Every structure is written in structure tokens, then in C-alpha cells.
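Fair warning: this is a prediction, and the values are worked out from it, not measured in the lab. Proteins come first, then strands; the chains are lettered A, B, ... in the order of their sequence lines, and each starts at number 1.
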Number of protein chains: 2
Amino acid sequence: MPEPLLDLLWRDRAAAPVSRRRGPKARHSTTDVVTLAIDLAVEGGIGAVTIRALAQKLELTPMSVYTHVNSRDDLLVLMADQAHGSMTPTPFGRSTWRTRVRRVADDNLALLREHPWLLDLDDPRTALGPGTIAKYDRELHAFDGTSLDDVSRDAALTFVLDFTRATAARIVVRPETGEFSELWEQSVAGLAAYLGDDLPLAQRVGRAAGEAMGGPYDAERAWEFGLARVLAGLADLAGLRDAPPAAE
Amino acid sequence: MPEPLLDLLWRDRAAAPVSRRRGPKARHSTTDVVTLAIDLAVEGGIGAVTIRALAQKLELTPMSVYTHVNSRDDLLVLMADQAHGSMTPTPFGRSTWRTRVRRVADDNLALLREHPWLLDLDDPRTALGPGTIAKYDRELHAFDGTSLDDVSRDAALTFVLDFTRATAARIVVRPETGEFSELWEQSVAGLAAYLGDDLPLAQRVGRAAGEAMGGPYDAERAWEFGLARVLAGLADLAGLRDAPPAAE
DNA sequence: ATAAATCTCTGTACGTTGTACAGTTCAATG
DNA sequence: CATTGAACTGTACAACGTACAGAGATTTAT
């Protein structure tokens with residue numbers, strides 16, 4: 001049986017990879033398995049990550065996958081941590097907290113663009129992995145130089161990342177789902193018949209927002225709108241000043 | 001075969017419920033089916049909403065459920081719309097946009113407390129239903145009296161609801177998932193061994209936030225923190241003034 | 001050298017899921 | 001009274017995660 005999830009997550013930093021293990025050596029490393037699983041997820045969404053499909057990619061039988069991973073849920077956590085660890089963060093340099101928060105948001109959007117399947121994954125155990133923790137540490141440093149206490153710093157980062165994730169979910173097209181515009185065109189006629197002249201505000205605003213949604217600039221506009229709100233909201237927070245961090 | 005999803009969603013407002021249909025009358029109304037499905041979801045999470053379990057509640061065979069609903073995915077959309085329609089919104093009265101936005105957020109939190117399964121549902125077709133559209137209309141009115149244009153009004157509401165949903169997901173305990181504290185206690189020892197003295201910021205802040213997370217007041221504090229950020233962020237928006245709405 | 005231990009990998013099989021398909025029964029309509 | 005169409009049912013299939021019992025390989029203990 002494979003090691004517990006925590007040890008698999010930290011397999012590279014493992015203290016004792018010495019003494020060769022007994023039995024035949026594995027045909028694939030854990031990282032291989034996780035990498036191929038991520039490939040599947042990128043191509044076909046998280047639903048495409050099946051034990052059987054992964055086994056085929058590895059040229060193993062389905063059950064042999066369980067030699068490397070305890071369960072599909074564990075595999076998803078390993079994938080998420082590896083994706084988090086693979087980020088190439090924009091360095092903060094000597095910037096203010098505003099531009100640093102912006103970079104955190106942008107980097108996360110880039111991550112979710114590359115790995116849309118992360119949007120469909122919500123396992124708290126991801127927080128146990130080295131990639132995720134390193135990401136957490138790095139992003140917390142965006143608030144260096146401010147006088148936020150620890151709990152507020154965590155809350156502020158959470159606030160930024162929640163926005164990022166929610167907005168990314170609207171921007172990024174997941175490979176398995178169809179375009180929203182199809183649904184819109186297909187339903188707008190019948191919907192209008194039911195709505196008639198009711199709820200004029202919803203109809204007017206919905207139409208305006210719906211039409212803009214198709215446009216090429218809208219995704220970026222929605223992103224900018226929200227990010228500006230996030231920054232303004234944080235700026236109002238006691239403990240945030242516009243000074244670059246000195247030494248923390 | 002049942003009617004298409006759009007017609008099922010608007011079944012109550014349907015124009016022609018006249019002329020009795022042929023064949024035996026249905027043992028259950030669509031609303032019955034959806035209501036029982038919601039019961040299942042409230043009790044056991046969205047994963048407990050299986051065709052077979054629902055059939056049992058209805059005293060039907062599994063396949064008979066498809067007389068009322070075209071697919072499980074359609075059923076989930078019907079459930080979401082019914083839940084949205086069942087909200088008892090706090091009236092806005094003569095308040096400022098700030099308190100109205102607060103009410104929108106609070107009402108949505110209440111909704112998600114009552115129906116945590118909504119957090120695990122993300123189907124754009126929900127937007128086609130009368131309950132969802134009525135909710136949208138009502139919540140858009142929170143910005144009456146401001147000079148936001150239509151697109152910004154939609155974006156502002158989206159911003160509020162995204163925050164609400166993300167924070168609710170952290171506050172509300174879904175019936176099927178275990179408590180986070182269990183995971184924490186179970187892993188903290190091994191994790192500390194791997195971490196050593198690395199990433200001190202993440203360790204310190206994570207510990208502070210993690211300890212607070214258990215406490216009884218933390219959920220509300222996180223909610224208040226975020227909501228205050230949301231309101232401050234929106235206040236910074238051109239077009240928002242603190243005047244109560246006059247006539248819109 | 002031999003035996004024991006323990007690893008990788010496999011084949012079979014089970015339970016659960018959504019649902020396609022071919023009916024059967026029943027009430028309203030021609 | 002025959003026809004039509006709706007409600008309902010039984011059987012069946014494909015896909016899923018994975019439990020379990022073993023086969024073979026390789027290191028360690030004797």
C-alpha cells in the first residue's frame with residue numbers, strides 16, 4: 001500500500017528516501033502519476049481523471065494505480081499541490097501592497113487559466129501540501145510592511161483569493177462545459193415569452209450584462225472592476241498604508 | 001417525456017395548463033418531486049440526491065422519476081430555482097445602499113445555511129428560472145438611487161454574491177463532509193515535522209488563523225471582515241452616494 | 001544458499017451510479 | 001369504440017471507484 005497522503009505530498013522532502021525498498025522497483029514515480037493525471041484534467045476536465053484513464057496513460061491496469069495512490073480523492077489533492085508548486089510567481093520587488101496584491105491576483109488567474117480543473121476541486125487537505133503552503137507563505141508576504149495582525153492578514157489574503165477564484169470561474173472556459181452563449185441564444189426566445197414585461201430591471205440589466213459578456217473585452221473589464229473593488233476595500237482597512245515594505 | 005427544462009421551470013406561470021392531458025394523472029406534481037429532492041439534499045448533501053433515492057421517497061421505481069424530469073442535472077436546476085424562489089427577503093425599506101447590500105448578503109448567507117447543497121451546484125441554466133430571476137431583480141434594486149450604469153450594477157451585485165458564496169462555503173458545514181478541526185488535529189504533528197522552521201510567516205499566520213477558526217466567534221468575524229471590505233470597495237465606486245433611493 | 005519479508009502489479013468482481021429502450025396500463029379524444 | 005399520448009415499470013448497460021486475493025520480483029535475515 002502507498003504511504004499516507006501527507007507523506008506522499010512531502011515525498012521530495014522526505015527524510016529517509018535512503019535504503020532501497022524491497023520488491024520490484026516501481027515503473028513510475030509518484031510525480032509521473034500525478035503529472036499524467038494533471039494532463040488528463042487539463043485536457044478533459046476533472047471528470048476525465050478516472051482511475052481507468054490514468055491507468056491507460058501509465059500502461060498499467062486500473063488496480064495498479066492504487067499502488068501509487070490511495071484513492072482518487074488523494075490523487076486530486078496531490079494534483080492540486082503539484083499545480084500550486086508549479087506556479088512561477090511574479091516577484092514582488094519593492095512595490096506597494098496594492099501592486100503586490102494585484103500580482104497575487106494575476107498570478108492566481110494565470111494558474112486557473114492553465115489549470116481550470118482546480119476550480120472544480122475543493123478539498124481542505126490540499127492545505128497540507130508543500131506547494132500549497134509555499135504559495136500561502138509567498139502570498140502572505142504581499143502584506144509585508146503593513147501593520148495587519150496575523151488573523152487579519154490571513155483574512156485579507158482569503159478575501160483576495162476568493163474573489164480571484166470566483167471571477168476566474170466565470171472567465172475561464174472549462175474544457176468539458178459548453179459555451180454560455182449557446183445556452184443564451186437557445187433560451188432567450190422562450191424566456192422572453194415567459195417574462196413578458198415583468199421584472200424590467202432584471203431584464204434590462206441582464207440584457208446589458210449578457211450582451212457585454214459575449215464581447216471580447218468583457219472578461220478583462222469584469223476582472224478589473226472586481227480587482228479595483230478588492231483593492232479599495234482593503235485600502236479602507238486599518239493597518240494598511242501605502243508604504244513599501246522595509247524589513248518586516 | 002417531460003417538457004423541456006425551461007417549461008418545467010416556469011410551470012406555474014405556464015400559459016396553457018387548461019385541457020386535461022391524456023393518460024393517467026401523475027401521482028406527484030413536479031413541485032412534489034423537486035421538494036422531496038431538496039429534502040434529500042438538505043439531509044445528505046447533493047450526493048444524496050440520486051434518482052433511486054428520490055424514487056424511493058416518491059414510492060416510484062427509479063425510471064418513473066424520468067416521467068417528471070429529463071435528467072438529474074435538470075432536476076438540480078429545478079431544485080436551485082425552487083430554493084431561490086423560497087427566500088423570504090428582508091425588505092429594503094428606505095435604507096441606504098450600504099444597508100441594502102448588507103441585507104442582500106445576509107439573506108444569501110441565510111439561504112446557504114438552509115441549503116448548503118447550493119454551494120456544490122454550479123449550473124448556468126439556473127439563471128433561466130423564475131425564482132432565480134426574481135431574486136436577481138430584487139437584489140439589483142439594492143443599488144436603486146445610485147447612478148451605476150447597467151453593466152456596473154450587474155458587476156457590483158456579482159461582486160457581492162461571489163463574496164457571499166465563497167465565505168458561506170467556509171462557514172457552513174455541509175452534512176456530508178467532516179469537520180475541519182479533525183483534519184487539523186490529525187495532521188498537525190506530522191506536518192510540523194516536515195515544516196521544521198521553514199516558512200515562518202505561513203506557520204505563524206496559519207496557526208493564528210487555524211486556532212481562531214475553531215473559536216465560536218470566528219465565523220462571524222470572518223463574515224464581518226469580508227463584508228466590510230465589500231462595502232468599502234463598493235463605496236469607492238464612482239456612482240455610489242449615500243443617499244436613499246427616491247423614485248428610480 | 002535458502003527463507004522470509006515486502007514491494008509492484010494483476011484479474012476478477014461487487015456495488016453504485018445515470019439512463020436507454022421496450023413495453024404496459026390508463027384516461028381523454030377522434 | 002378505436003386511437004392517441006401520458007404515466008409508469010422492468011430489464012439492462014456502461015462507467016465508475018475500489019475491495020480482495022494472489023503472482024512475481026527483489027531485498028533482507030538466517
Side-chain angles (χ1 to χ4, degrees), chain A residues 1-5 7-8 11 14 16-33 37 40-41 44-79 120-121 123 176, chain B residues 1-5 7-8 11 14 16-33 37 40-41 44-79 120-121 123 176:
Chain A
M1 244 186 51
E3 294 167 22
L5 175 61
D7 302 296
L8 284 182
R11 60 192 180 277
V18 280
S19 67
R20 276 275 283 117
R21 310 256 290 276
R22 291 184 182 180
K25 66 182 173 195
R27 295 218 286 264
H28 307 276
S29 70
T30 306
T31 304
D32 284 348
V33 174
L40 282 174
I46 213 168
V49 182
T50 55
I51 298 294
R52 286 171 169 86
L54 180 56
Q56 195 159 24
K57 274 219 167 195
L58 291 164
E59 297 186 298
L60 291 178
T61 60
M63 284 314 291
S64 303
V65 173
Y66 291 101
T67 311
H68 300 92
V69 157
N70 291 294
S71 69
R72 180 175 183 268
D73 284 352
D74 277 21
L75 172 66
L76 294 177
V77 172
L78 289 165
M79 291 165 60
D120 298 312
L121 185 57
D123 192 316
E176 70 263 34
Chain B
M1 245 187 50
E3 293 167 24
L5 176 61
D7 301 296
L8 284 181
R11 60 192 181 277
V18 278
S19 68
R20 276 276 284 120
R21 310 258 288 278
R22 291 186 182 180
K25 65 182 174 197
R27 296 218 286 263
H28 307 276
S29 69
T30 306
T31 304
D32 283 348
V33 174
L40 282 173
I46 211 167
V49 182
T50 45
I51 298 294
R52 286 170 170 86
L54 180 57
Q56 195 160 23
K57 274 220 167 194
L58 291 164
E59 296 184 297
L60 291 178
T61 60
M63 284 315 291
S64 304
V65 173
Y66 290 102
T67 312
H68 300 92
V69 158
N70 291 294
S71 69
R72 179 174 184 269
D73 284 352
D74 277 21
L75 172 66
L76 294 177
V77 172
L78 289 166
M79 290 165 60
D120 297 314
L121 186 57
D123 192 316
E176 70 264 35

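Note: CD (A:Gln56) to P (D:dC16) measures 11 Å, nearest angstrom. Note: CG (A:Asp32) to P (C:dT8) measures 14 Å, nearest angstrom. As rounded to whole Å, 14 Å separates atom C1' of D:dC8 from atom CD of B:Glu59. Per the geometry, CE belonging to A:Met1 stands 12 Å off C1' belonging to D:dA19, to the nearest Å. The CG atom of B:Leu8 sits 13 Å away from the P atom of D:dA6 (whole-angstrom rounding). At whole-Å resolution of the value, CZ in B:Arg22 and C1' in C:dA28 are 6 Å apart. As a whole-Å value, the separation of A:Leu58 CG from C:dT8 P is 14 Å. When the C1' atom of D:dG10 is taken as reference, atom CG of B:Leu60 falls 14 Å away, rounded to whole Å.
For the residue pair A:Ser64/A:Thr61, the side-chain donor-acceptor check at 3.5 Å is satisfied. Side-chain polar atoms of A:Arg11 and A:Thr31 form a donor-acceptor pair below 3.5 angstrom.
Residue-to-nucleotide proximity on DNA chain D shows that, of B:Pro2 and A:Thr50, the 5′-proximal contact is made by B:Pro2.
Here the closest heavy-atom approach between residue A:Tyr66 and residue A:Ser71 is recorded as CE2-CA, 4.0 Å.
A distance-only check finds a donor-acceptor pair linking the side chain of B:His28 to the backbone of B:Leu58 [under 3.5 Å].
In this structure, the nucleotide among D:dT26, D:dG5, C:dA13 sitting nearest to the side chain of A:Arg52 is C:dA13. Of the listed nucleotides (D:dG24, C:dC9, D:dT18), D:dT18 has the atom at the smallest distance from the side chain of A:Ile51. Here C:dT8 is the nucleotide among C:dT8, D:dC16, C:dA28 with the atom lying nearest to any side-chain atom of A:Pro24.
Against DNA chain D, the stretch residues 63-75 of chain B makes heavy-atom approaches under 4.0 Å through B:Met63, B:Ser64, B:Thr67, B:His68.
If you take CD on B:Glu3 and NE2 on B:His68, they are separated by 12.0 Å, rounding to the nearest 0.5 Å. Note that CD of B:Gln56 and OG1 of B:Thr50 are 9.0 Å apart. Values are rounded to the nearest 0.5 Å.
For C:dC7, the OP1/OP2 oxygens have no side-chain nitrogen or oxygen of A:Arg27 closer than 4.0 Å.
Each of A:Leu8, A:Leu5, A:Asp123 was scored for a side-chain contact (heavy atoms from CB on, under 4.5 Å) with A:Asp74, with one residue passing: A:Leu5.
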